[in-house]
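Worksheet: the structure to be examined is printed underneath.
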Amino acid sequence: MMTVSDRGEDEPSSTESPLERGHGDVQEIFRLQQELVVAKKIQITFVSVLRTLESARDDVSDVGRRIDRCGEASEECRRRMVALCADISAAGEGSSGNVV
């Protein structure tokens, strides 16, 4: 009689019926299908996270451009304010010299 150690792993046991061997295959297929479902859910989650991160990156980029535009506008306001103050100062000095 052949023992477990005498036969290879792929050889069916003489006491195992074809139905029992098939049942093991069905269980293995079911297990693999469950793993596939879990893997698919993980993939869907990763894709969702990736899209969220891409959207956040785009939002941060937009905010950066807005900050740059605000900085440019602020600098232009500062230049205008300096010019206006210089004009007012020059006008004040010119009128004070004319006072008798």
Side-chain angles (χ1 to χ4, degrees):
M1 181 169 138
M2 185 181 283
T3 64
V4 174
S5 60
D6 293 338
R7 63 182 170 84
E9 287 183 25
D10 291 337
E11 295 178 22
S13 167
S14 59
T15 60
E16 201 174 55
S17 74
L19 183 59
E20 290 170 333
R21 283 193 304 269
H23 181 66
D25 291 343
V26 169
Q27 286 179 333
E28 179 66 11
I29 290 170
F30 182 71
R31 186 186 64 77
L32 291 173
Q33 286 175 334
Q34 287 178 326
E35 287 181 11
L36 182 62
V37 167
V38 170
K40 197 66 172 169
K41 287 180 181 180
I42 290 170
Q43 179 190 20
I44 289 168
T45 301
F46 281 154
V47 167
S48 176
V49 168
L50 178 63
R51 287 182 181 150
T52 300
L53 290 173
E54 288 172 341
S55 177
R57 179 201 59 207
D58 294 345
D59 290 347
V60 168
S61 182
D62 289 345
V63 168
R65 284 191 292 274
R66 288 178 184 169
I67 289 172
D68 290 343
R69 286 195 308 262
C70 287
E72 292 166 2
S74 175
E75 183 60 28
E76 180 62 27
C77 286
R78 188 193 68 75
R79 276 188 245 126
R80 287 182 183 181
M81 183 62 76
V82 167
L84 182 61
C85 289
D87 290 346
I88 292 172
S89 178
E93 288 176 4
S95 65
S96 65
N98 292 336
V99 176
V100 180

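Every heavy atom of this structure was used, including side-chain atoms; hydrogens, water molecules and symmetry mates were not.
Screening residues 44-53 for side chain to side chain donor-acceptor pair (under 3.5 Å), with sequence neighbours left out, gives no hits.
Counting non-hydrogen atoms of other residues, nucleotides and ligands closer than 6.0 Å to CZ of R80 gives a total of 12 or fewer.
Counting heavy atoms from C-beta on, the side chains of K41 and V38 never come closer than 4.5 Å.
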- Give the intermediate values and the outcome of salt bridge (Lys or Arg N to Asp or Glu O under 4.0 Å) for residues R57 and E54. CA-CA 5 Å; R57 179 201 59 207; E54 288 172 341; 5.2 Å; no

- Query: So E72 and R69, salt bridge (Lys or Arg N to Asp or Glu O under 4.0 Å) or not? Walk me through it.
  - Reply: CA-CA 5 Å; E72 292 166 2; R69 286 195 308 262; over 6 Å; no

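If you run side chain to side chain contact (heavy atoms under 4.5 Å, CB included) between V63 and each of D59, V60, I67, only I67 comes through.
Looking at residues two or more places apart in sequence or on another chain, you find a salt bridge (charged side-chain N to carboxylate O under 4.0 Å, His left out) between R78 and E75.
A distance of 8.5 Å separates CD1 in I88 from CE in M81, rounded to the nearest 0.5 Å.
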